[in-house]
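This report concerns only the one structure given below.
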Protein chains: 2
Amino acid sequence: MSDLLRRLRGRGWRMTSQRRVVAEVLDGDHVHLTADEVHLRAAARLPEISRATVYNTLGELVALGEVVEVSTVGRAKRYDPNARNPHQHLVCSGCGTVRDVHPGGNALGDLPEEERFGFAVGSVEITYRGLCPGCA
Amino acid sequence: MSDLLRRLRGRGWRMTSQRRVVAEVLDGDHVHLTADEVHLRAAARLPEISRATVYNTLGELVALGEVVEVSTVGRAKRYDPNARNPHQHLVCSGCGTVRDVHPGGNALGDLPEEERFGFAVGSVEITYRGLCPGCA
DNA sequence: TTCAGTGCAAAAGATTTGCATAAAT
DNA sequence: ATTTATGCAAATCTTTTGCACTGAA
């Protein structure tokens, strides 16, 4: 069973065949799928699964903190199940492909208090943009 | 005349009343408008300007490197004319408001070569997410 | 049994596109 | 005169919503 699924079970998440398939599709450490790609792969195993359910389920996983939404410029959001291991993203401006990077040396410190303007800062997202070998 | 407009003139950008108005709306150092907001403000001065023209113009300004698209999670893109001064963004997860931040001390170094996977990295985007005082 | 989850289809929001017309150089 | 930009309306893509129905606990 996938790690994600095991964790969700442990948290008392109500299980259905649709939810199981979505969680299975999202298993792995370098997965960055769009909602539509998740639906496509889930439907390969469970043909009757609807887009609405995929969106609902993804939204819940995000709310639970088990999946992170990767922001995009114009393109569809991508969902990253590797929420436990902080990391950053290298995104191709051509095809939208996402790669994980872990630049050990230059991790970003917190935003200093005097730069927060009263915001309750919860997360930092760092994205490197450029062209992948295939698109260059 | 706005700085942006002056620069565009200098680059031989073909000028029209629509383009002028869009450039004027985008003038300033802490502007983060959506395409729709740009259209709204532009239309206040030039009622016949169309959304398509606003989108076209914004796309060109981005291609010229004069304006930066601020990525969002789900929401409409925002356009930031402050492309000359590298800075970062504090984004409210509640209302989508964007604030500029310049955390001097912890600027991010480049992504090391061995972490680039053959990508031609062109830019880094750093976004702090959280709730603004109003939404908290 | 009960309540949360699902599917469907329609709606909404953001952005793009095709094409005839208008305007800048 | 020539070339490029504009406006309109329709189309596309992504995501959300309302509601009756199904299935997990």
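Protein chains get the first letters and strands the later ones, always in sequence-line order, with residue 1 at the start of each. Values reported hereafter were calculated over all heavy atoms of this structure, with side chains retained and with hydrogens, waters and symmetry mates removed. Because the structure is a prediction, the values reported are computed rather than measured.
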Summary of protein contacts for nucleotides 19-25 of chain C, nucleotide by nucleotide, where a base hit scores B, a sugar-phosphate-only hit scores S (4.0 Å, heavy atoms): ----BBS
Worked verdict on T57(B) versus Y55(B) for side-chain contact (heavy atoms from CB on, under 4.5 Å): CA-CA 5 Å; T57(B) 305; Y55(B) 276 107; over 6 Å; no
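With a 4.5 Å cut-off on side-chain heavy atoms, V25(B) and L33(B) count as touching.
R78(B) places its CZ atom 13 Å from the C1' atom of dA14(C), with the value rounded to the nearest Å. Rounded to an integer number of Å, the gap from L8(A) CG to dG5(C) P is 13 Å. Regarding N56(A), its CG atom lies at a distance of 13 Å from the C1' atom of dC8(C), rounded to whole Å. Here dG7(C) presents its P atom at 12 Å from CZ of R51(A), a figure rounded to the nearest Å.
Taking each heavy atom of C95(B) and C132(B) in turn, the nearest pair found is SG-SG, 3.9 Å.
A donor and an acceptor atom, one from each side chain of H30(A) and D80(A), are nowhere located under 3.5 Å apart. Neither side chain, H102(A) nor N85(A), offers a donor N or O lying under 3.5 Å from an acceptor on the other.
A salt bridge between E66(B) and R7(B) is present, with a side-chain N of the basic residue lying under 4.0 Å from a carboxylate O of the acidic one.
R75(B) comes within 4.0 angstrom of no nucleic acid atom, judged by non-hydrogen atoms across all strands. As judged by a 4.0 angstrom heavy-atom cut-off over every strand, A76(A) is placed among residues touching the sugar-phosphate backbone only.
Within 6.0 Å of CZ on R129(A) lie more than 12 heavy atoms contributed by other residues, nucleotides or ligands.
For the pair E48(B) and G74(B), nearest-nucleotide mapping onto DNA chain D gives the more 5' position to E48(B).
No side-chain donor-acceptor contact under 3.5 Å links R45(B) to the backbone of V21(B).
Here chain B contacts DNA chain D (any atom closer than 4.0 Å to a heavy atom, that is under 4.0 Å), and the contacts span dT3(D) to dC8(D) from 5' to 3'.
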